[in-house]
Structure formats: structure tokens, C-alpha cells
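By convention in this document, chain letters (A, B, ...) are assigned in the order of the sequence lines, proteins followed by strands, and residues within each chain are numbered from 1.
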There are 2 protein chains.
Amino acid sequence: MSKERHDMNGLDAFFAPRSVAVIGASATPGKAGNQVLVNIKANGYAGQVHPVNPRGGEIYGWPVAKTIADLPDGIDLAVIVLPADTTAQALRDCAGKGVRAAVLAAGGFAEVGDEGLALQTEIESVIRDTGIRILGPNTSGHTSTPVGFTSGFFPLGKLPRGRISYIAQTGNFATHTMRYIMSTEPFGVARVIGLGNKIDLDEGEALDYLGADDETDAIMMYLESFKNPARFLEVARRVTRTKPVILLKGGVSEEGGQAAVAHTAALAADGRIVNGALRQAGIVQIDRYTQLIQVAKALSMVAPPLGNRVGFIGPSGAILVTMTDLCRRLGLAVPAVEEPTRARLQEISPSYLRMRNPVDIWGSALMHGFGYAYEQALEVLLKDPNVDSVVVILMLVADAAGRPSLDFIADLAARYPHKPVMVSFSGEVDQFQATRGPLEARGIPCFALMEEPFEVLEVLWRYRQMKERP
Amino acid sequence: MSKERHDMNGLDAFFAPRSVAVIGASATPGKAGNQVLVNIKANGYAGQVHPVNPRGGEIYGWPVAKTIADLPDGIDLAVIVLPADTTAQALRDCAGKGVRAAVLAAGGFAEVGDEGLALQTEIESVIRDTGIRILGPNTSGHTSTPVGFTSGFFPLGKLPRGRISYIAQTGNFATHTMRYIMSTEPFGVARVIGLGNKIDLDEGEALDYLGADDETDAIMMYLESFKNPARFLEVARRVTRTKPVILLKGGVSEEGGQAAVAHTAALAADGRIVNGALRQAGIVQIDRYTQLIQVAKALSMVAPPLGNRVGFIGPSGAILVTMTDLCRRLGLAVPAVEEPTRARLQEISPSYLRMRNPVDIWGSALMHGFGYAYEQALEVLLKDPNVDSVVVILMLVADAAGRPSLDFIADLAARYPHKPVMVSFSGEVDQFQATRGPLEARGIPCFALMEEPFEVLEVLWRYRQMKERP
């Protein structure tokens, strides 16, 4: 076996496999054992693919082995898409052929009670006997876009490559939530790991791998339990010095915990780590599922702000007032600006307005047009030493005097790379949809609801404090 | 003068005017004095319209009076679109011609400091001298769809008629926020009141009028101050017995309060009413601007639930877990269902799953198809005596085996009118957009983010408690 195969923790077999067997492969569209192959093909995986099915033949040009015994020796990864009760034997057979790692797609193990637990115990004995590494069971797979590979069995198409990675104790990021991201968000992913029942590979080891991963800039996590809390915290303390680790813990309420038992057999009570310990380890916790997507987008585009002082611009006093209230609830400051900033804002505004931060742009826009007014205001806010980040709440309506070019937002933001600029809007949704594409292509995160950029900035600010903790 | 003109508080002159003068009317597109006329025309107002402009002539078929003195006597309403410093004289002239009420569009009064305050004092003296009723100044107008009238000067087009009314200490609901609603939400409005500086007509009187208004089912409010707190509370205590009154208070933080002073000269400290008093008066407070829209949509479609027990269905364990956690944070219960409900859910699911509320629909959907699985689950949840409302989190992806008809959601919801049913989704955004139109047309509120139906239900549940308070 070559040197590269002996990486620190064996996870390269999952994330950069040179050869893959699909046990339970099928030529029948709609079956999971078929969809795995469709996904592998769609993602342009360049390694060897060995479908296994008793019927033999060929699927999508790949010759099908009739049994695991017929496979060549030393395959890196097996994706086992079989019912729970035949998975253990298949796994033992794979290990016998020198397969280094396996993804176990089947559900029906510990999460369903005693009988499943017995099957899971059997898998554990194979691991002990053979040293094979396991992802799952009860996982909807994993993805590694740098090598164009996925073990997912949900229709996905080609996953967009990017520098955000997910570690999730749920299959959602290999199924419908990934489809959500692909349908509406501009960011791509590097590695996506659906941990499933964590019989072997757990959150700590996965985090360790991604912490050292050159392809990963930020790590988003969803967990319902901690398999090895001490190890997880130790890894997190290290990783969070260089990369944001954003965590949504599921099952934090008693009723949510019961739902988690039904979901992944996670016993929250056993694995509970107090929030203080997570915070000390540099983990940033969130509590909204949709923030697993919104924060990921922001992290894919901007650096976290150096402070909590937000400058913002909006087309309405009520918006400025309510977003200021929101900032205070979130622990963000809405600072007074320096005199030159204030003077310039006053200069471009009707004299009867008293300009300040937040910037009510309406009067200036009426005088000078929206494009000019927003550009001048954004520039002085970015220049102001009291301001760490800027939120631009655009006014977008179809029949304003033509939509001005918004290139200035990305142009100005590029000159102040340490000050994140985020955009939201008031006005018409289709105008916003037309606006956000070009802005996000240039690295300006755009959000459909006015509250969202502030809520995301709060998370980024907490990460900044984590990163710089003593 | 006819009997109808002597309604209790004179506000019919604003909301059902038989004749309107527009002072400062203009034939020049883009000018506020032109846009008012464009809006009146677009909304199909059937009363008399009298533009006033020194040039005379005709605008959009309406003969233009050169001066206010040239107007006929006894006009119900004047919309005065003049600079602040000429507004007072115009108002006095209007009152001299027997005009009963006026909308003052100009800004530049108390909200801008001493000089503006002097102008505002002058307006006050006209009110005292003549008894004319005033909306504003510093208002972007009001709307009354039952008579097809608006005094707004922002391009609006025809406003959709509905049974939600807004009272706002901001112009947003006559400008870009109304455009937002029109661009993406299915509900219409009855009356929209931009209070402006509240020199005369204030939140209490407006609420009183809408409380008795046959066209209004629910009242959404945005306020930065209370002009007459005692009167407001007294009115609210009465109105909230029959109609939901949902309030976002702006300027609740110190910094937000400063922004409010800049915005509407509202002195939050003077007018602050403790939240407890508002609650005792039956007012439901919210703290997200976007909920002024989401809650309005829900109120336009469903009755508030009779209890806080939510049944819900989703395509993923992690979604069920995190939404259960959210329910607990919001004070909503996720109840155990009765045995027949559980048995039926089990019957349609793989035997290895332990079915319960919330309902993990994935296994059943794989066995029976998504349409059947969701329909069966929704029906038993609605039937269950432990469930007061149901949230359906659809899985929507383009290449699932065709999108099943979702008519069953509205069909079932119609059989349980006291149990609100709301929809959200996981999957692809364009699939959701295609789905929500038909559902919302049948009275099922749909929300783009999974958290939103729960957050809205929490507000509706608080209203139910308010309504039924002793």
C-alpha cells in the first residue's frame, strides 16, 4: 500500500478515495443503489468505480462484480446500500478484501430499538476485528467536491464546489437541505459529512480532519449528541483558532431531546456538554436551523468584523429604529460616527434632516438619486473608524427611475476587506432577486429579510471574539 | 350637510370621502403632487377629485382649481402636498372653505427641530381655530381600499383590497413595505394609516375607528410613541375583545429611541407605556418588523388556535428536533397524540420507526408516496383532540416522482376550521414558489423559512389568550 494511504486518521479513504465499491448497486432508476451511481457520475468522480450486484453486467459503463469476493483487493471505500440485516456480513466481506473504509447507508440500527441495536453491535465487532473505518450507519452519505465524489443516495446532481464544510448528525445536507442551498444560495461546499449513528467516525474526528483540511475554510455543524465530549472539546479548542466552527445543537429542550432519540438514538442526557464548555472551546452556537445556511453564505464571502459596531443605511426611519432595537437585542452597537462622516452625510442631505448613524437615505436619495446617495453614505461609513461592518438596506421598486448600478457596493467593500458589507432590502421581491445575483457573485452576502444581516453579523462577531480569545 | 358626515369622530372624511381636493397637484410625472393623482386614479376612486394648482387647466381629466378659494364648499378631504412653510396657510384656506379633514404630506415639522416645531405649532392653531381634522404632518398618506382611495404620493398602483388594516407611525406601509407586500404576499388591506407626527389624529383614535370598522378584521400597528397612553389603553381594552391588535413598538432600546427622535420626533421616554399595561389591554407585541407582514397574512387566512399544542409533520428527524426545540423556546407545546392517531401513523410507516408527534414522514413517504403519507398524517393530526394547530413542512424537490396535488391540505383544513394549518418546506425554492400560490389562494398560509409558521403561531396563540382573558 502506498504512503498516501497511511494518513493520520484514515479519513482520506472517505474524502479522496482512489477506488470505490458500491455494494447493492442497481440499474433500476429510483433505487438508492442506483442513485448513488448516478450521483457519482454527475459529480465527475475520476477514480475507479466497482458496482457490486449478483446479476453482474454493466451499469453506466462500469463493469459489475457479482460478489464482494470478486472485487479487486485494496479498494479505498465501499458504499454499502443494503438492508440493515445484511449489512454486517457485507462489511465483513469488504474488510476481508482489504477495503479500508465503508459508508453504511441503511437505517434500522440503534435508532429503532433492541433488534437494531443487536445489528449495530455486530457491525462494531467487525470494526474491532478488522480495523475498517465506518461512516454511519443510518447516514445519507458524504460528499467531497474536490474529488467530485459523493456517497449520497438522494438525487443531487453536481454539487457546487466551495470552501464551506458540514458535519451533521442528520442526512439533510446530503438531501433536501443541500437541494435548498443549491436552489437559492451562491456558495459551494468542500466536504459534507452525514454522521448517522456514529458507530465509528464521530464529530470529534470529523472536526479534526476538517480543521486540517486545506479545502475547508469554515465548518458548520448540526449535532444531537457528543460521542466523546472530552475529545471533541480538545479538537475544537485547536480548530477554532483558525477556522470558524458554528454549531446548532438539536434536542436541547426536553421534548426536542425525545425527538432526537427517535431520530438518531442520541441520548442527549448522556452526552450533554454545557454551553459554557463549548464556548470555552471556541464553538459558536446558533439556534436557528436556517442560520446553518445563512451564516455559511456569509463566511464564504466575508471576514468576521473586528468589532461589534454596525453602520447601516436604510430608506425609512421605522426600519432604522427597529433594526437599531434589533442590534441592541443582539449585542451589536450602533455607534455615533466621527464628525467628518456626519458632515458629509449632512452635505448630501436636505438641511432639515439631522444626519447620523444609522443613515436615513431617503432625503438624500430624493435630492441626488438613490445610487449616488447610497454610494456616498456607504463610502463614509466604511471610512469611519467607529464602524466595523456595514449593512445596506436597499430600496428596490420596479418603477423608481431605473435601477441604478450597484457595482459600487462591491467596489467599495473591496477597499475595506476587514469590514464586512451585507445587503438587504425593502421593496419588491423580484427586484431583490434580480439584484442579489450580481452582488453575491462579487462577494456581498444578500438577505431577503431585513433582520438577517444583523443576525448573521452577530454570529460572525461572536466567532471573531472566539478566535481572538486569550 | 348630510347626516352621514356627522359620524362619531369625523374619520369618515378620511376613509370614505365623497370629494377630495389635492393642493399642490402637478401634471409633472415624478412629482409628489402628480403621484397622488396617479394613485387615486389607479385605485378607482369614484368620488369627486379637485386638483389645485395656480396654472389651472386639467389633469387626468379633472379640472384644476387655481386657488383653494376657487374650490366648491364643503369638500370632505384635502391632501396637501406643499412644502412645510406654506402648508399652514393652505390648511387655513381649506378650513375656510369648509373642508373637514386634511392629510399633510410635508415633512420638516417637529421632527427636524425648532423651526419645524414653530411651523407645527401654527398648524395646531389652525386646528384649534377651525376644528379641521388632520392626518400628519410628515405622513406618506393613508389608504382606504373599500372606496378605492389613497392619499399616498409614492408609486403604488392599485392596492389589493382585503381585511387587514395598518396603523403605522411610519410611511412604509404607504411606500416600499406596501410594495413588498404587493410583490409577494396574497393578502389585501382595508385601511392603512400613516400617522406621521400625530399632530391631531393619533393611534388611539385610529384604533377606535378601526375597531368599529366593518371592513377590518385585524389591526397591525407600528408605533414609536403614544400620544395619549390612557386613551389608547382604554380603546385597546375594548377593541382587542373582538379583533387582534398586533403591535411592534420601535425605539425600545436607548439607541433605537434616539433613532426614533430623528425619525418622528417621538419622545419614547415621555410616552412609554410599560409592556404589562399593553398586555393587560389585550395588545399582542411582536419584535420583528417582518412579522408585521407574516402575522397579517396568517390573520387574513386562519383563526387563532384554541390552544398552544402544535402537531407537525416534516421530512427529516433533524428538522423535527430543531423545530421542537423552537416550539419550547416559543412556549408552544408539542403534545403526545392519542393512541388511535399513533396507531394510524404507525400503520402507514415502516415497522422499525416509532411514530409519534412530531411526525417523521420520510419512511411513510418512501412506502406510499409523499402525497398519501402527508395526507394521512395531516388528517389524523387534525382529528386528534390533543392538537390545536398543524404545521406541514413539505419536502419539495423537482425530480421527486412528480409533485403530488396538495389540494388535500386545504380540503382537510376546511374540515377543521378551528385548527389553523400552516405550511413551510425543505427543498427547492422555486418548487415552493410554485406550490404556495394555490395553497394560499385556498387560505393556507405558507412560509419560506421553517421557523416562521411556528413563530407566527406563537403570536396567534398569544392573541387567543388575550381575546379570552377574563
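- Residue A/F432: no heavy atom, backbone or side chain, is found under 4.5 Å from chain B.
- Ranked by heavy-atom pairs under 4.5 Å with chain A, the list B/R356, B/M355, B/M178, B/M182 is led by B/R356.
- Interface check for chain B: of the options A/A168, A/P315, A/P358, the most heavy-atom pairs under 4.5 Å are formed by A/P315.
- A side chain to side chain contact (heavy atoms under 4.5 Å, CB included) with A/M221 is found for exactly one of A/I167, A/I193, A/L195, namely A/I167.
- Using modelled atom types, no side-chain atom of B/E452 and backbone atom of B/F447 make a donor-acceptor pair closer than 3.5 Å.
- Under the 30°/60° scheme for interplanar angles, the aromatic rings of B/Y289 and B/F173 are found to be tilted.
- Contacts between B/R328 and chain A at a heavy-atom distance below 4.5 Å involve the side chain alone, from C-beta outward.
- A/E451 and A/R329 are not joined by a salt bridge, as no carboxylate oxygen comes within less than 4.0 angstrom of a charged side-chain nitrogen.
- The most heavy-atom pairs under 4.5 Å with chain B, out of A/D325, A/T324, A/N357, come from A/D325.
- In terms of heavy-atom pairs under 4.5 Å with chain B, the best-connected choice from A/E455, A/E254, A/M323, A/E115 is A/E455.
- A donor-acceptor pair shorter than 3.5 Å can be found between the side chains of B/K249 and B/N275.
- In terms of heavy-atom pairs under 4.5 angstrom with chain B, the leader among A/S426, A/C327, A/A448, A/A333 is A/S426.
- No option in A/V359, A/I393, A/L345 other than A/V359 meets the side chain to side chain contact (heavy atoms under 4.5 Å, CB included) test with A/I313.
- In terms of heavy-atom pairs under 4.5 angstrom with chain A, the leader among B/I181, B/L248, B/T175, B/D287 is B/D287.
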